[in-house]
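If you're wondering where the values come from, they're calculated on a predicted model, not measured in any experiment. Computed over heavy atoms, backbone and side chain alike; hydrogens, waters and symmetry mates excluded.
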Amino acid sequence: SANSALSLVNAVVSLVSGLLLVPLMLHGLGDVHFGLNALAGSIAGYVGLLDLGLNVTLTRVVAAHLERASQARSEARSEARSENRSENRSEDRAADLTTTISSIFAFYLALGLAGGLAVMVVGLPAVNPFQVAAPERSLFALVIAIVGLQTALTLPFSVWNSVLCGLQALPTVYAISIVQTVVRLALVWVMLHRGFGLLGLTVINFGTTAITWVGGWWAVRRTHPELRLDLRRIDWRFLRSIWQVSVSMIVWSAAGYAL
């Protein structure tokens with residue numbers, strides 16, 4: 001099937017890209033900057049603790065919406081009089097789903113900004129908890145600032161990937177991932193051979209990650225325009241209920257990382 005084929009291609013492309021990038025970056029960056037790049041990635045990775053499983057929930061909600069919409073269309077075909085009522089129910093469900101998407105986006109945006117700010121603070125030369133050598137502190141601070149911004153935006157924009165998974169649009173998800181991986185590999189090769197170094201690599205990582213943000217949003221907008229982001233429809237009660245359990249989940253996740 002198309003899903004299986006693209007999944008395999010995506011896995012192979014990711015594997016090959018990883019195998020090629022390590023020696024390429026090690027040669028192009030040198031030992032010190034290669035280590036700083038790995039350190040920046042590790043710091044940003046801890047922000048993944050803030051993913052409280054809401055993307056999985058959103059995928060399930062979207063899948064349920066898709067199933068109910070399909071059932072409603074089937075019922076409307078069998079009973080013409082119910083067509084208007086079916087359309088109204090479909091619009092109501094789309095509005096509810098827009099509220100869920102917008103609420104999770106807003107919550108992830110707040111968490112992402114907090115996590116991104118924390119990443120940026122860690123990179124400040126005055127803080128320097130990792131004892132980065134003096135000649136590299138300014139560069140590392142700039143790299144961490146870009147990584148922090150990328151981290152802050154990645155968490156909220158991940159909702160579109162979850163929506164696509166819920167819509168069973170896995171070929172689109174795989175295609176976006178393949179394009180992002182290939183473009184990143186090509187740009188890294190060019191930039192490192194032209195001597196742009198660690199800063200150039202960080203900018204490429206940010207730009208190619210944006211491909212997944214824009215690609216996911218565009219794919220959802222093109223196929224299901226009724227599913228949109230509307231910050232006016234945020235459900236604050238839903239956000240409060242999430243917040244009540246989020247702290248404990250973050251603590252448990254942090255404990256798991258530590259152990």
**Q.** hydrophobic_cluster_shared for Val214 and Ile211, side chain cutoff 4.5 Å
**A.** no

Q) Tell me, do Phe130 and Ile43 make a side-chain contact under 4.5 Å, heavy atoms counted? A) yes

Q) If two hydrophobic side chains count as joined below 4.5 Å and joins carry through other members, does Val188 share a cluster with Val190? A) yes

Q: Indicate whether any N or O donor in one side chain lies under 3.5 Å from an N or O acceptor in the other, for Gln180 and Thr212.
A: no

Q. Minimum heavy-atom separation for Tyr108 to Val159, with atom names?
A. CD1-CG1, 4.1 Å

Q: Examine distances only and state if a side-chain atom of Thr151 and a backbone atom of Gly116 form a donor-acceptor pair shorter than 3.5 Å.
A: no

Q) Do Val122 and Val127 come close enough that some side-chain heavy atom pair is under 4.5 Å? A) no

**Q.** Rounded distance [0.5 Å steps], CG in Leu153 versus CG in Leu149
**A.** 5.0 Å

Q.
Once rounded to the nearest 0.5 Å, what's the spacing between atom CG of Asn37 and atom CZ of Phe140?
A. 9.5 Å

**Q.** Backbone N/O of Ser162 and side chain of Thr59: donor-acceptor pair under 3.5 Å
**A.** yes

Q.
For a 4.5 angstrom cut-off between non-hydrogen side-chain atoms, does His193 reach Leu24?
A. yes

Q. So which heavy atom on Arg228 is nearest to which on Ser102, and how close?
A. O-OG, 4.0 Å

Q: Please check if the side chain of Arg184 supplies one atom and the backbone of Ile204 the other of a donor-acceptor pair under 3.5 Å.
A: no

Q: Report the C-alpha distance between Phe105 and Leu231 in whole Å, list the side-chain angles of each, state the deciding distance to 0.1 Å, and finish with yes or no for side-chain contact (heavy atoms from CB on, under 4.5 Å).
A: CA-CA 9 Å; Phe105 182 92; Leu231 297 182; 4.2 Å; yes

Q: For residues Leu192 and Met25, determine if any side-chain heavy atom of one lies less than 4.5 Å from a side-chain heavy atom of the other.
A: yes

Q. In the hydrophobic clustering that connects Ile, Leu, Val, Met, Phe, Trp and Tyr at side-chain heavy-atom distances below 4.5 Å, which members other than Leu15 occupy its cluster, ordered by chain and number?
A. Leu19

Q) Got a sec, which pairs hit side chain to side chain donor-acceptor pair (under 3.5 Å) with one end in residues 5-32, sequence neighbours left out? A) Asn10-Ser177

Q) In terms of hydrophobic clustering (I, L, V, M, F, W, Y; side-chain heavy atoms under 4.5 Å; direct or indirect links), are Leu117 and Ile144 co-clustered? A) no

Q.
Just so I know, are the side chains of Tyr174 and Val9 near enough to count as touching, which here means a heavy-atom distance under 4.5 Å?
A. no

Q: State, to 0.1 Å, how close Val119 and Ala44 come at their nearest heavy-atom pair, and which atoms those are.
A: CG2-CA, 4.4 Å

(Q) Once rounded to the nearest 0.5 Å, what's the spacing between atom CG of Leu187 and atom CZ of Phe196? (A) 11.5 Å

Q.
How close do Met120 and Gly148 get, counting heavy atoms only, and between which atoms?
A. CE-C, 3.8 Å

Q.
Count I, L, V, M, F, W, Y as connected when their side-chain heavy atoms are under 4.5 Å apart, and connections chain through other members. Are Leu21 and Val12 then in the same cluster?
A. yes

Q: Measure the spacing between CG of Leu6 and CD1 of Ile176 and express it to the nearest 0.5 Å.
A: 11.5 Å

**Q.** From Leu139 atom CG to Thr202 atom OG1, the distance as rounded to the nearest 0.5 Å
**A.** 7.5 Å

Q: Could you label the plane-to-plane angle of the Phe206 and Trp213 rings as parallel, tilted or perpendicular, counting under 30° as parallel and over 60° as perpendicular?
A: perpendicular

Q | Heavy-atom side-chain proximity of Leu229 to Trp217 below 4.5 angstrom | A | no

Q: Hey, could you give me the NE2/CG distance between His33 and Leu26, rounded to the nearest 0.5 Å?
A: 13.0 Å

Q: Could you state whether Phe157 and Val183 fall into the same hydrophobic cluster, counting links through intermediate Ile, Leu, Val, Met, Phe, Trp or Tyr residues with side-chain heavy atoms under 4.5 angstrom apart?
A: yes

Q) At their closest point, which heavy atom of Asn128 faces which heavy atom of Arg137, and how far apart are they? A) ND2-NE, 3.2 Å

Q | Heavy-atom closest contact (Glu136 atom, Leu36 atom, distance) | A | CB-CD1, 4.0 Å

